[in-house]
Amino acid sequence: MSRTATIERITKETRIKLSLDVDGTGQATICTSVPFLDHMLNLFARHGLFDLEVEAAGDIDIDFHHTVEDIGIVLGEAFKQSLGDKKGIRRYGQATVPMDETLASVSVDISGRPYLVYNVNLPKVKIGEFDVELAREFFQAFTNHCGLNLHINVMYGCNVHHIIEACFKAFARAMDAATQLDPRVEGVMSTKGLL
Ligand SMILES: [Mn+2]
């Protein structure tokens, strides 16, 4: 059974079309009109070995906030739809990724319960035109709409580009681990019987 989703979401603020294949090979076609987010989603797909297409247009004449947040919403929703009843998945995943002077660790539990822990200290700066505080908005939106525990901890680092990039790479690898099907798992990985 294919684990894919295609979602189109249109509001007065943004228009987003996204296709996800959880069992992909890392093929990405990303065009969000937010260059730094394109960079992050490209490497998310590559390092998570997900196939991902994102086409987005938004009210970036105001700022990138709505576009970044709404892409987080749609990507989270796409994982939720793709995983369906979550039968056979490993459920938990974690990855620690270095990037030069930075070390980032991400742990996920695809539990159905949204909770974000975000221990990422960033100065209020921009990377290009991208406000770094929007990274949190993206992860919060993803968390709420995928329904998972997402814990992001940056142990150390000083270059903000490296810090956010290491977070996205660790996020990708943790999601890849957690979404893997394990033939030993009968039903869902829960003593409750429901995720
Ligand atoms: Mn980079």
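As the structure lists them, so they are numbered: ligands from 1, and atoms in each ligand from 1. Along the sequence shown, residues are numbered consecutively beginning with 1. Side chains are part of it too, since the values below use all heavy atoms of this structure and drop only hydrogens, waters and symmetry mates.
Val106 places a side-chain heavy atom less than 4.5 Å from the side chain of Leu150. In this structure, the side chains of Phe138 and Leu75 come closer than 4.5 Å at one or more pairs of heavy atoms.
Side-chain contact annotation: His39 with Glu165, donor-acceptor N/O pair under 3.5 Å present. Between the side chains of Asp38 and Thr32, at least one donor N or O lies within less than 3.5 Å of an accepting N or O.
A side chain to side chain contact (heavy atoms under 4.5 Å, CB included) with Leu181 holds for exactly one of Arg3, Lys87, Arg90; it is Arg3.
Within the sub-2.8 Å shell of the Mn ion (ligand 1), the protein contributes these N/O/S atoms: His39 NE2, His161 NE2, Glu165 OE1.
His161 and Phe36 have perpendicular rings, their planes meeting at more than 60° on a 0 to 90° scale where under 30° would count as parallel.
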